[in-house]
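These notes concern the structure reproduced below.
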Amino acid sequence: MPATADPTAEREDIRGRHEQTAQETLPDRLGLYIGGEWRESASGETFETRDPTTGDALAEIPAGTAEDIDRAVEAAWTAYDERWANAEPADRQRLLETMAACVEENAEEFARLEVLDNGKPITEARIDMDLVVDHFRYFAGAARINEGITMPGNGARHVETIREPYGVVGQIIPWNFPLLMAAWKLGPALSAGNAVVLKPAEETPLTILKLMNEIDDVLPDGVVNVVPGFGPEAGAPLSEHPDVRKLAFTGSTAVGREVMKSAADTVTDITLELGGKSPLIVYPDADLDRAVETTILAIFFNTGECCCAGSRLFVHSDIKEAFLDRLGTATEEIAIGDPLLESTDLGPKVTEEQVERTMSYIQEARDAGATFVTGGDQAGGDGALADGCFVEPTLITDLDHDNRAVQEEIFGPVQEVFEWSDYDEMIEQANDVEYGLAAGVLTNDVTKAYRTAKDLEAGNIWVNSYNDFPAGQPFGGYKQSGIGRETAFEAVKHYTQTKTVNFALE
């Protein structure tokens with residue numbers, strides 16, 4: 001944001017814009033949504049969700065507990081046994097189409113609320129809402145094609161399989177794409193015929209609660225239950241619950257391990273979408289302008305708070321100097337500011353805690369003698385953004401690949417740059433992390449692109465693009481980046497069990 005003569009006045013202008021937006025977009029009812037009813041938590045405890053741009057409180061939300069999770073699971077089973085298990089595929093399709101239409105009709109309102117709760121720029125929040133609609137509609141159609149198979153017999157028997165829902169599933173979603181991650185999970189779960197207990201991130205519960213407000217009249221009671229709260233008090237009881245037949249979690253690898261341990265105790269099926277430290281590889285034949293644009297998207301989209309962010313950049317030695325010069329210039333031109341403004345490219349991080357985490361990794365690199373091409377500090381200072389959680393977009397070179405800042409997920413607008421000339425050495429280094437969620441390849445040579453994609457240990461490879469998530473494209477990771485796939489028909493299968501029926505014909 002350009003400097004002004006009066007930063008205090010500019011801060012007040014931002015605060016006024018955000019307060020007005022909150023008045024216009026906050027849902028009428030805020031609480032635990034269980035069995036089709038809005039409730040307070042069993043403990044009576046609440047928590048605040050805060051605007052990361054201004055630091056102001058947005059709303060006070062009841063904090064769910066193990067007792068509330070029990071109630072939600074019971075309500076979900078009641079809904080499943082009494083209504084949802086017998087719903088026709090067309091019924092499930094209509095519900096998901098209604099959810100899609102609700103978001104589509106109120107997309108701007110949902111997007112503005114997401115900006116307040118998460119801090120992402122309004123232009124990116126609108127993209128999220130388009131994707132929410134796309135995924136709900138995709139899984140609405142998938143409800144009609146969840147089919148079994150018939151196996152060849154010998155004349156004395158007929159064998160067929162049936163795909164059946166688990167019943168009640170638990171879902172825990174993160175704060176970086178609040179409503180989109182909810183759609184990624186609710187879509188296949190409902191399409192397959194399950195009832196759901198969903199825990200949103202405590203930092204960003206508002207848009208999923210708004211969706212429940214909007215669809216309350218058409219959603220069968222108990223089919224979707226939403227329990228906001230903290231991990232130990234609500235997330236852990238959900239992941240440990242003996243009556244939850246399937247768990248889906250998106251978040252850090254560290255927490256994913258704990259979810260996996262809990263699932264082991266009850267032998268519960270799981271889908272995990274976890275951390276990433278994804279490589280972006282630039283070949284010397286790449287179009288430099290397009291490659292710079294794609295690199296900016298890969299690392300600074302959503303303020304770098306993206307599990308598949310291209311946070312390790314590998315640039316061929318033949319073009320490194322020219323490429324880095326253009327990339328540094330483009331990075332310095334990124335507009336940091338109020339995310340409600342169309343002109344803003346980079347908004348705040350979601351919380352002050354996340355700012356501190358990002359800055360600790362930046363300091364780790366600085367202590368190791370790294371070179372900062374641009375950035376490396378918090379943004380705002382005493383200016384108009386002083387009240388927010390802003391970090392400068394940062395490019396780092398001259399850092400050992402085994403440094404902690406390279407090996408671990410920063411989850412912020414920070415990219416480490418490495419030079420390469422030998423293909424085998426580059427591939428070895430690109431794969432030399434515990435993660436394997438995504439990667440990008442920038443080249444005009446399709447043979448090089450395909451070979452590189454085959455050699456990279458990652459579940460998602462983009463060629464000459466990045467952060468493209470059409471419904472129907474499976475998304476998930478290798479190694480410690482997770483188990484299972486989302487956003488495609490494969491996800492519907494993850495929410496079903498196979499039943500084999502063997503008929504004796506003689």
Side-chain angles (χ1 to χ4, degrees), residues 73-74 76-96 135 138-172 184-198 220 222-224 238-249 256 259-273 459 471-478 482-506:
V73 172
E74 182 179 359
W77 272 115
T78 298
Y80 180 78
D81 290 336
E82 295 182 358
R83 293 179 291 278
W84 201 237
N86 296 319
E88 296 292 332
D91 298 327
R92 304 197 297 269
Q93 181 179 21
R94 277 191 291 271
L95 175 60
L96 286 164
H135 283 82
Y138 174 87
F139 287 112
R144 297 276 193 162
I145 58 172
N146 188 19
E147 302 167 339
I149 61 172
T150 300
M151 300 174 62
N154 62 2
R157 72 177 66 88
H158 169 83
V159 181
E160 65 180 40
T161 64
I162 304 169
R163 305 292 302 186
E164 295 186 334
Y166 280 96
V168 171
V169 303
Q171 301 179 328
I172 302 174
W184 280 19
K185 288 179 169 51
L186 288 173
L190 296 175
S191 180
N194 298 283
V196 178
V197 178
L198 183 146
V223 169
V224 177
L238 180 59
S239 64
E240 297 166 358
H241 204 288
D243 294 330
V244 170
R245 301 284 175 81
K246 161 81 182 185
L247 283 169
F249 169 82
V259 171
M260 196 170 184
K261 291 175 184 177
S262 299
D265 289 338
T266 53
V267 195
T268 301
D269 191 18
I270 56 173
T271 297
L272 302 175
E273 195 266 280
Q473 170 184 289
F475 183 79
Y478 284 19
I483 297 171
R485 294 295 181 268
E486 297 186 300
T487 72
F489 185 66
E490 191 172 346
V492 179
K493 293 184 178 180
H494 289 327
Y495 283 97
T496 61
Q497 307 174 88
T498 299
K499 176 179 285 184
T500 300
V501 183
N502 186 318
F503 295 87
L505 302 180
E506 294 182 357

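Note that the coordinates shown come from a computational prediction; the quantities given were computed from them, not determined experimentally.
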Nearest 0.5 Å please: distance from the [atom1] atom of [X] over to the [atom2] atom of [Y].
X    : Y    : atom1 : atom2 : answer
Q171 : Y495 : CD    : OH    : 4.0 Å
R163 : K499 : CZ    : NZ    : 12.5 Å
Q93  : E88  : CD    : CD    : 12.0 Å
Y138 : Q473 : OH    : CD    : 11.0 Å
L95  : W84  : CG    : CH2   : 4.5 Å
I162 : N146 : CD1   : CG    : 11.5 Å

Heavy-atom closest contact ([X] atom, [Y] atom, distance):
X    : Y    : answer
D243 : W77  : O-NE1, 2.7 Å
V492 : A142 : CG2-CB, 4.1 Å
G484 : H494 : CA-NE2, 3.5 Å
R92  : A143 : NH2-O, 3.9 Å
V197 : A76  : CG2-CB, 4.1 Å
S239 : L247 : O-CD1, 3.2 Å

Evaluate V196 against K185 for side-chain contact (heavy atoms from CB on, under 4.5 Å), listing each step before the verdict.
CA-CA 9 Å; V196 178; K185 288 179 169 51; over 6 Å; no
I'd like to know whether CD of E74 has more than 12 heavy-atom contacts from other residues, nucleotides or ligands below 6.0 angstrom.
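Not buried by this count: 12 neighbours or fewer within 6.0 Å.
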Test side-chain contact (heavy atoms from CB on, under 4.5 Å) on S191 and L96 and set out the steps.
CA-CA 8 Å; S191 180; L96 286 164; 3.9 Å; yes
For the side-chain hydrogen bond (donor to acceptor under 3.5 Å, both in side chains) test, which of D269, T496, N194 pairs with Y166?
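Answer to the side-chain hydrogen bond (donor to acceptor under 3.5 Å, both in side chains) test with Y166 among D269, T496, N194: D269.
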Basic-acidic side-chain contact under 4.0 Å: E490, R485:
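A salt bridge is absent here (no side-chain N lies under 4.0 Å from a carboxylate O).
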Which residues satisfy the side chain to side chain contact (heavy atoms under 4.5 Å, CB included) test with A491, sequence neighbours excluded?
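Scan of A491 (side chain to side chain contact (heavy atoms under 4.5 Å, CB included), adjacent residues dropped) gives F139, P188.
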Close side-chain approach of I270 to K246, heavy-atom, < 4.5 Å
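Sidechains of K246 and I270: no contact.
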With a 4.5 Å cut-off on side-chain heavy atoms, are T150 and H158 touching?
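In short, these two side chains touch, coming nearer than 4.5 Å.
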Audit row: V224, L190, side-chain contact (heavy atoms from CB on, under 4.5 Å) steps and yes/no
CA-CA 9 Å; V224 177; L190 296 175; 4.0 Å; yes
One pair to check against side-chain contact (heavy atoms from CB on, under 4.5 Å): M260 and F249. What are the steps and the verdict?
CA-CA 9 Å; M260 196 170 184; F249 169 82; over 6 Å; no
